[in-house]
Protein chains: 2
Amino acid sequence: MDWTDLQHFLALAREGTLSAAARSLNVDHVTVARRVAALEASLSLKLVDRRPRSYELTENGKRIAKIGAPMAETAFAVERAVQASKSGIGGEITISAPPSLANVLIAPKLIRLRQQHPGIRIKLIGEKRTASLNRREADLALRLSRPTEPGLIARKIGYFEFALYGSPDYLKRTPPHAFAFVAYDSSMDEAPQQRWLMRFAASREIVLRTSDLENQAAAARTGMGLAALPKFLGEADPQLERYDVGGRPVGREVWLVVHRDLRRTPTIRAVAGFIEDCLA
Amino acid sequence: MDWTDLQHFLALAREGTLSAAARSLNVDHVTVARRVAALEASLSLKLVDRRPRSYELTENGKRIAKIGAPMAETAFAVERAVQASKSGIGGEITISAPPSLANVLIAPKLIRLRQQHPGIRIKLIGEKRTASLNRREADLALRLSRPTEPGLIARKIGYFEFALYGSPDYLKRTPPHAFAFVAYDSSMDEAPQQRWLMRFAASREIVLRTSDLENQAAAARTGMGLAALPKFLGEADPQLERYDVGGRPVGREVWLVVHRDLRRTPTIRAVAGFIEDCLA
DNA sequence: ATCCTGATGTGAGAATTCGCACAAATGGAC
DNA sequence: GTCCATTTGTGCGAATTCTCACATCAGGAT
């Protein structure tokens, strides 16, 4: 049995589609299709039903995928062990962080890290989707809440508050009862900052909903209304003015997350220290 | 990371040499060497020291091999699950048995199994070395003592006794105090039949030591001396005559061993039943 | 000493595998 | 309805990988 065939099949089982599996393996979708077909042939066992627009696992396929899944876990553990085996400071480190933190607090200061440790190459992923440290999609992650996955070590390294921001002109000419608001889309309705904004807005109008915080800031700058922005974003922007509201301000904690297997690696420690400085 | 590279490296770590790893993977030794080199390159980590005629794992290599070893276990579990998923009776089944049992009791009757289940292809390994059911070197095994490996199911399906045999002519012309003996080599000194023979021989001469029971029988047939042979072997041979000794006869139990995962597979059950008939 | 066995290393041709470009089909947005 | 994004399928040329044959070296048996 070819282990690479099995790897491709397990990726298909995990991701659901040929294309997604291909992306996660960094290969062409045709390759995944061929590998899965080759596995079926070598095992003389049908693992997937090829439906017009989707691959669906057969019962046997599901059973095999379930039994084989630990292989992928172990493969990732091997990769972490490799990373942990490297003594010197260097290599490529992947950091996952919410886009705003990545863009505002991390990216501008990366030059300092490169100066201090020229051997380190950083891959910074600014995505809302939380990358899996277990699957080694990232080596270090910034999260806004404490993660619960097993095997991960989390440390609270920062805290930031939100405030309402609008353009100075908008705040001057608009009475509070006529305020309009800019918010996240509904997928973020459960986030504390969104709930806080919604409660304050009450019956007043939401004129824009967007998943991107930078878009919200841009809208607020042009005078569309008020947006709930992190202070580290709003205070630094001369085109935005804070509108203070009463009550307890809402804030989020920032957690630095690393896999247990990588905690003591010199390179990881160096990068983790750098990130803590960024948030200090 | 290429899983096939890792597979080849783990095989090297387990088998000790490139050539042995190549044999166990059914590839050329050059392929193993290149795969291991490729893995080292992709990980940027030295895993083996290439000594003149041997590969030796580095410390990092040992650690990686240890962490990755469960992948091989899981791969074998997948193969067993595949075998167990097959509903019909058919396919290739590998049986491991001590050479004498394989040659005398199993092989001659295989024709009956083929007649009953034409879809089954049998691979019969008559080796002293006990094949690993966990590594799927065999699907079914006959052992002379109860195995202790985890995951294996063993059933006692037979018992046979040993007796001393020599050529009729030899027994006629040789007085007991002048008997010479044929025995296993020293690697078998702990086996019950060997201890029994040695105790009986006492100070009398051992004229031949060989690891092969068939060779012992051949030597006894030509009048070299007495050999301790299973009765199922000696009684059927007109060129051998039993020499009865007092005391309790020595015997060995025969255990039929199958992996837990394969116990209920139709094909395995069919072959297991056939083997029980052979031993009955 | 000589032969045999089994280990790793090297080079070249054959076989395999991969990615790309393109196609077809479906569902959602507008 | 059209347009766009996403998914799977096909053919072909390029790149990679494997096997084979041969070489070298060491150890053991004769």
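In the text below, chain A, chain B and the rest are named by the order of the sequence lines, each starting its count at 1.
- Shown here is Arg14(B), whose CZ atom has more than 12 heavy atoms of other residues, nucleotides or ligands within 6.0 Å.
- Protein chain A contacts DNA chain D over a range whose 5' and 3' limits, counting nucleotides with an atom under 4.0 angstrom from a non-hydrogen atom, are dT6(D) to dT10(D).
- In this structure Gln83(B) satisfies the side chain to side chain donor-acceptor pair (under 3.5 Å) test with no other residue, sequence neighbours excluded.
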Identify all side-chain donor-acceptor contacts of residues 27-36 of chain A below 3.5 Å with residues at least two apart in sequence or on another chain.
residue	atom	partner	partner atom	Å
Asp28(A)	OD1	Val30(A)	N	2.9
Arg35(A)	NH1	Asp2(A)	OD2	3.3
Arg35(A)	NH1	Asp5(A)	OD1	2.8

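- Residue pairs that meet the side-chain hydrogen bond (donor to acceptor under 3.5 Å, both in side chains) test with at least one member in residues 90-100 of chain A, sequence neighbours left out, do not exist here.
- A heavy-atom distance below 4.5 Å is not found between the side chains of Phe9(A) and Thr4(A).
- The side chain to side chain contact (heavy atoms under 4.5 Å, CB included) check on Ser132(B) picks up Asn134(B), Arg135(B), Glu137(B), with sequence neighbours excluded.
- Of the residues in residues 40-65 of chain B, those placing a heavy atom less than 4.0 Å from an atom of DNA chain D are Arg53(B), in numerical order.
- Taking a 4.0 Å limit (strictly below) on heavy-atom distances, residues 1-13 of chain A does not reach DNA chain C anywhere.
- By the side chain to side chain contact (heavy atoms under 4.5 Å, CB included) test, Pro70(B) pairs with Thr74(A), sequence neighbours left out.
- Relative to the ring axis of Tyr55(A), Arg53(A) does not place its NZ or CZ within 45° and under 6.0 Å from the centre.
- Heavy atoms of Ser19(A) sit under 4.0 angstrom from at least one base atom.
- A distance-only check finds no donor-acceptor pair linking the side chain of Glu40(A) to the backbone of Lys46(A) [under 3.5 Å].
- In this view, Arg63(B) satisfies the salt bridge (charged side-chain N to carboxylate O under 4.0 Å, His left out) rule with no residue, not counting sequence neighbours.
- For Arg209(B), the salt bridge (charged side-chain N to carboxylate O under 4.0 Å, His left out) partners two or more places apart in sequence, or in a different chain, are Asp189(B).
- When the local axes at the two ends of the helix from dA1(C)-dT30(D) to dC30(C)-dG1(D) are compared, using 5 base pairs at each end, they differ in direction by 30° after rounding to 10°.
- Within residues 26-35 of chain A, the residues that place at least one heavy atom under 4.0 Å from DNA chain C are, in residue-number order, Val27(A), Asp28(A), Val30(A), Thr31(A), Arg34(A), Arg35(A).
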